[in-house]
There are 2 protein chains.
Amino acid sequence: MAIGSRTARPRSSVWLSERKAPKRKGDQQPVGLDHLKIVAATMRLLDAEGLSGFSMRRLAAELGVTAMSVYWYVETKDHLLELALDAAMGEIALPIEAVGSIEAVGSVEAVGSVEGHEYAPAEPRDWREQLRQVASEYRRVLVRHPWLPALLGEYLNIGPNAVVFNNAALAVMRNSGLPDDRITSALALVYQFVYGFGTIEGRFAARCRAAGVTQDELFHEMMGTVEDRMEFDEARQIMEARGGSTVEEMQDRDFTFALDLAIAGIETLRER
Amino acid sequence: MAIGSRTARPRSSVWLSERKAPKRKGDQQPVGLDHLKIVAATMRLLDAEGLSGFSMRRLAAELGVTAMSVYWYVETKDHLLELALDAAMGEIALPIEAVGSIEAVGSVEAVGSVEGHEYAPAEPRDWREQLRQVASEYRRVLVRHPWLPALLGEYLNIGPNAVVFNNAALAVMRNSGLPDDRITSALALVYQFVYGFGTIEGRFAARCRAAGVTQDELFHEMMGTVEDRMEFDEARQIMEARGGSTVEEMQDRDFTFALDLAIAGIETLRER
DNA sequence: ACCTGAACACCGTTCAAGT
DNA sequence: ACCTGAACACCGTTCAAGT
């Protein structure tokens, strides 16, 4: 099988529980295993094999260590995955204008994220530009880590990097000029869209990689299968009108125009 | 743990492989086990225990049968979950105007779905009304079955009911007046939004059920935790401006206005 | 045609024990 | 302070066997 598992629903989050080890730096012998290496190896494994290919035992083997050693650093597999999740959130490059106080960024380090957020070099720009940047960065990270959506769905995503991201997203939307009581709606529209879009895009790419075919090959194969199955005149007509000769082009067009729709909607309803 | 598992990525879909059994009706002894009952029990278990609480062995026990009996009817756990996924898609009530040819509906039955699509009683209406209906129906089903998003992310979702749903969604959007080459974008914006929105809404509700608290209780608890953690003036201001005294009210407001934004965007860009 | 039981290769995690 | 090995309770699935 591919999803689902046996133990009970987790009731806690890494971010809501105490650190397992004080994690002081100048310790005696550097044994070659620590939080950073473990999370990095976790992400490498997840990228390469997917969530279903990941197990604590596989990870230990990857680290050249016995199955249970990892448990000295990490409470459960769930906590480890939450760390990987927040590390991925940290890869979303945010417009510098949207990143708030230095304290927020400092607290990222304080709770032990793997890497801080990256910041795109940018001068202050239009809120639309900033929105487009955050959206497409988020999309890129979702595609790069196809395991991310499952974790986003499973855990609370209140890690330090997630908080920075959410604040930045909110800051950008506040510049749109929408009244305060509409901001959460607009945020939901844009980011849930990006989430869903990036999810299927990343999954499709991963599927192609696993099957050893190009995206265009798999796309045409699937279209063929579906067309064989039933009458699809309407759908086919739309698909052909979609434009773009490659899957990548179609995706970029769809993504860009969908964002344009959302932005146009915001601008239109702002005036009312 | 809660997600991920051990076996390799599935390369096939129920919908792309042959039926295991010819499934003829007038057989000798009715043993009390069949496709319908199995899928129904699966959905009941998933609703009650979640994806992580579901296993072939639990299901067999639920059916009062030995662990391996189910395998006579169903090839793998993955295939069974695909059947449950499409059955859930069939619960989305579609506006009768948007449901195409009778053949499409006929083919639903032909491939053995659990129940056909429901059709809301409706006279022909504005495309905006239809869009709102499909969106909120989709949302309702996502909330009712919190395991649905994980399955939607994992499998191809090309079952008969999914095909009917997609065609209906497309038919509605075609009535918006957008040019053909923009339809897929608009569909992505609306349905990925609903998917993401319904996902977190359903997950939140499930979490409350599991913890035995009301949604409002958990919401305030979480707000408290997050506020304690770091400076959150902006976010708090927005949250307070959000309006609505209960979580449910906030969610309904957010959902409705986000859809309004999308519709306004479609209408605005349609004119250009 | 339908169902069972034993077995296999995997899990996450606990726990006592090593150094 | 860090790592190991054996063990427990669970998986999905195969396979030979029952009726």
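Below, read A as the first sequence line, B as the second, and so on, with proteins coming before strands; counting in each chain starts at 1.
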Is the phosphate of D:dC3 approached by A:Tyr73 (side-chain N or O, under 4.0 Å from OP1 or OP2)? yes
Distance-minimising heavy-atom pair for A:Met89 and A:Leu152: SD-CD2, 4.3 Å
Could you give the NZ-to-P distance, from B:Lys77 to C:dC10, as a whole number of Å? 18 Å
Output for pair (A:Arg57 CZ, A:Lys77 NZ), nearest 0.5 Å, gives 11.0 Å
Measure from CD on B:Glu49 to P on D:dC11 and round the result to the nearest Å. 11 Å
Using side chain to side chain contact (heavy atoms under 4.5 Å, CB included), reason through A:Val39 and A:Val74 one step at a time and then give a plain yes or no. CA-CA 10 Å; A:Val39 176; A:Val74 140; over 6 Å; no
Tell me: CG of A:Asp34 to C1' of D:dA1, nearest whole Å? 14 Å
For residues 195-202 of chain B, dump all side-chain donor-acceptor pairs below 3.5 Å to protein atoms at least two apart in sequence or in another chain.
| from | atom 1 | to | atom 2 | distance (Å) |
| --- | --- | --- | --- | --- |
| B:Tyr195 | OH | B:Pro149 | O | 3.3 |
| B:Thr199 | OG1 | B:Tyr195 | O | 2.5 |
| B:Glu201 | OE1 | B:Arg139 | NE | 2.8 |
| B:Glu201 | OE1 | B:Arg139 | NH2 | 3.4 |
| B:Glu201 | OE2 | B:Arg139 | NH2 | 2.8 |

Atom OH of B:Tyr71 to atom P of D:dC11: distance rounded to whole Å? 11 Å
Between P on D:dC11 and CG on B:Leu59, what's the gap in Å once rounded to a whole number? 12 Å
Atom CG of A:Leu51 and atom P of C:dC11: how far apart are they, to the nearest Å? 13 Å
B:Tyr191 and B:Phe165 aromatic ring geometry - parallel, tilted or perpendicular at 30°/60° bounds: perpendicular
Once rounded to the nearest 0.5 Å, what's the spacing between atom OG1 of A:Thr214 and atom CZ of A:Phe219? 11.5 Å
So which heavy atom on B:Ser12 is nearest to which on B:Glu82, and how close? O-OE1, 4.1 Å
Regarding the side chain of B:Trp72, the nearest nucleotide among C:dC2, C:dG12, C:dC11 is C:dC2
List every contact pair, protein side and nucleotides 4-8 of chain C side both N or O, where the distance is under 3.5 Å.
| from | atom 1 | to | atom 2 | distance (Å) |
| --- | --- | --- | --- | --- |
| C:dT4 | OP2 | B:Thr66 | N | 2.8 |
| C:dT4 | OP2 | B:Ser69 | OG | 2.3 |

Looking only at non-hydrogen atoms, find the nearest pair between A:Trp15 and A:Pro160 and report the distance. CZ3-CD, 3.4 Å
Between NE2 of A:His79 and P of C:dG12 the distance, given in whole Å, is 15 Å
Which atom of A:Cys208 lies closest to which atom of A:Leu218, heavy atoms considered: SG-CD2, 3.6 Å
Given atom CD of B:Glu75 and atom P of D:dT14, what is their separation to the nearest angstrom? 9 Å
Applying the Watson-Crick and G-U criteria (both distances under 3.5 angstrom) with [ ] for crossing and | for other-strand pairs, one obtains for DNA chain D ||.|||||...|||||.||
